[in-house]
Amino acid sequence: MLINTSLLRERFVIKKSGLKEDPLVALGNRILLPLTSKNGELTERFVVRAHSMHTALRMASYITQEFYKSGPIINRPKALDWKNIWFDITTDFERPHTPETWICVYHNGKIIFKNGEHHPFLDVIEQCDIKNREEYDRAIKIAEDIFMQAGKTVKIDHEINIAFVIGAMEKQARCGLIMRIPESTSTFNFQLKSLKTDDNSENKIAFPEHIGFELAADFLEGIQLSVTAAFTEQQIKNGHLSPLSPQAKKMHSSFKRIGRLNASISAFENMYAIKYRPERPDFTQILENIRNNAPDEF
């Protein structure tokens, strides 16, 4: 198993003891990347935190691809151009339509790249986790102890949901995703393998370890955009939003983006053998369901 990890949706609530002020809230998505070379000799440990699930997965994909293609990342003579990597990940939709988006990449608990504004408490948690990396939940207790040593008594509540899991070997990967739409939460799984020209031939296309991240990112982004775009469409139809509003502009761009995501998924299906369980999520069906059952508020 070259990759065995999960994407977490997290919410930290930091309450100061004895004070009536509102608690601090830190939100984000987190994926741990403990990468080990195929001969088992070289290991690097990264954590990606991001504003959105799909950007976290795309950065995780890039890091994984770089590691298995070109070797260890941190001590290279020429460092990766993280700024341009992030630009490429966000250039199509995130930058023009989600200006609040952010990313933070850690190596052994230290920030090696960040862009946008994330809650500084997340950095504290990563520093605490590196002290006890085998049990991530214990990082919360360590953080509380650090605050206490600084003369501040706090209680930290940690809400966590798994959004994606992946297990990848050299020639195949298995992934599971949580699909959340209004009034419904379900799961679906997919398995990827390299295509073969026939049963006895060599793989026509080598199977890269990062493809599971890429396909999952397309699905998660497509599901999210289908829900929000259809809801915005109904809000405009009901007169709650102007057809010239920023939300309407984003909606039109979302429809185009969904089309590009469908094309990307189809390209993966042409290159690799993919099995879905149950069926592949249908963005068009999600759009129609929301249009027919859109709530007054979202």
Side-chain angles (χ1 to χ4, degrees), residues 3-13 25-32 48-61 93-94 97-98 100-102 119 122 136-137 140 157-168 173-192 211-235 247 250-251 254-255 257-258 261-262 264-265 268-269 274-298:
I3 304 169
N4 184 18
T5 190
S6 57
L7 174 69
L8 308 178
R9 301 177 69 201
E10 293 186 299
R11 183 175 187 266
F12 297 93
V13 180
V25 178
L27 304 173
N29 300 281
R30 180 186 192 265
I31 185 165
L32 168 66
V48 178
R49 286 189 177 274
H51 174 259
S52 63
M53 294 183 288
H54 53 272
T55 54
L57 289 181
R58 291 194 177 104
M59 181 61 81
S61 171
F93 189 85
E94 299 297 320
H97 296 292
T98 315
E100 69 273 20
T101 195
W102 57 267
H119 200 292
L122 301 177
Y136 179 56
D137 288 344
I140 307 300
D157 293 330
H158 183 205
E159 299 175 14
I160 187 170
N161 291 290
I162 296 176
F164 163 79
V165 294
I166 181 171
R174 292 184 174 90
C175 303
L177 284 84
I178 305 297
M179 184 168 68
R180 292 180 175 86
I181 58 177
E183 301 182 358
S184 174
T185 298
S186 59
T187 63
F188 74 95
N189 306 305
F190 59 85
Q191 178 178 306
L192 302 99
I211 289 299
F213 292 122
E214 293 286 344
L215 185 55
D218 284 353
F219 276 121
L220 288 173
E221 183 180 5
I223 292 166
Q224 177 188 357
L225 290 181
S226 297
V227 171
T228 56
F231 177 76
T232 301
E233 186 180 59
Q234 291 304 106
Q235 292 292 86
Q247 295 95 325
K250 182 176 180 179
M251 176 195 70
S254 295
F255 289 141
R257 176 66 176 166
I258 290 168
L261 291 170
N262 267 323
S264 175
I265 293 169
F268 283 129
E269 292 173 339
I274 304 176
K275 294 182 180 180
Y276 298 102
R277 183 183 297 177
E279 65 278 354
R280 163 184 164 174
D282 186 332
F283 300 149
T284 301
Q285 187 61 52
I286 295 172
L287 283 165
E288 287 303 313
N289 288 341
I290 301 298
R291 284 166 177 157
N292 295 331
N293 303 284
D296 290 335
E297 296 183 2
F298 178 68

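Any value given below was found using the heavy atoms of this structure, including those in side chains, with hydrogens, waters and symmetry copies removed.
Of all heavy-atom pairs spanning I166 and C175, the tightest one is CG1-SG, 3.7 Å. Of all heavy-atom pairs between E269 and Y276, the closest is OE2-OH, 2.7 Å. Considering every non-hydrogen atom in both L7 and A56, the closest pair reads CD1-CB, 4.1 Å. I223 approaches R180 most closely through the heavy-atom pair CG2-O, 4.1 Å. Taking each heavy atom of L122 and A26 in turn, the nearest pair found is CD2-CB, 4.1 Å. Residues A216 and L57 share a closest heavy-atom pair of CB-CD1, 3.9 Å.
Annotation: the span from L32 atom CG to S6 atom OG amounts to 8.0 Å, rounded to 0.5 Å. Taken from CD in E94 to CD in E100, the straight-line distance is 8.5 Å, to the nearest 0.5 Å. Distance CD1/I160 to CG/L8: 4.0 Å, rounded to 0.5 Å.
The number of heavy atoms from other shown groups lying within 6.0 Å of CZ (R277) does not exceed 12. The environment of I162 atom CD1 is sparse: at most 12 non-hydrogen atoms of other residues, nucleotides or ligands sit within 6.0 angstrom.
A 4.5 Å side-chain heavy-atom check between R11 and D157 finds every atom pair outside the cut-off. Two residues are said to be in side-chain contact when any heavy atoms from C-beta on lie closer than 4.5 Å; L215 and I274 meet this criterion. Under the 4.5 Å side-chain criterion, counting only non-hydrogen atoms from C-beta, E233 is not in contact with L287. Put simply, the side chain of N189 does not reach to within 4.5 Å of the side chain of R174, judged on heavy atoms. Counting only heavy atoms from C-beta outward, the side chains of H54 and F93 never approach each other to under 4.5 Å. Using a 4.5 Å heavy-atom threshold, the side chains of F12 and H119 count as separate. Residues F188 and E279 are not in side-chain contact: their nearest non-hydrogen atoms beyond the backbone lie 4.5 Å or more apart.
For the residue pair Q247/T232, the side-chain donor-acceptor check at 3.5 Å is not satisfied.
A side-chain donor-acceptor contact under 3.5 Å links Q234 to the backbone of R291. Between the side chain of N161 and the backbone N or O of R9 there is no donor-acceptor pair closer than 3.5 Å. A donor-acceptor pair under 3.5 Å links the side-chain atoms of N29 to the main chain of H51, judged by distance alone. A donor-acceptor pair under 3.5 Å links the side-chain atoms of T55 to the main chain of S52, judged by distance alone.
Note: F190 and F219 have tilted aromatic rings, judged against thresholds of 30 and 60 degrees for the angle between ring planes.
No salt bridge links D218 with R257; every basic N to acidic carboxylate O contact stays at or beyond 4.0 Å.
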Is there a side-chain contact (heavy atoms from CB on, under 4.5 Å) between I31 and F213? Walk through the geometry before answering.
CA-CA 11 Å; I31 185 165; F213 292 122; 3.6 Å; yes
request  = Dump the intermediate steps for side-chain contact (heavy atoms from CB on, under 4.5 Å) on E214 and F268, then the final yes or no.
outcome  = CA-CA 9 Å; E214 293 286 344; F268 283 129; 3.6 Å; yes
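Here the rule is side-chain contact (heavy atoms from CB on, under 4.5 Å) with S226, and of I286, I290, L261 only I286 fits it.
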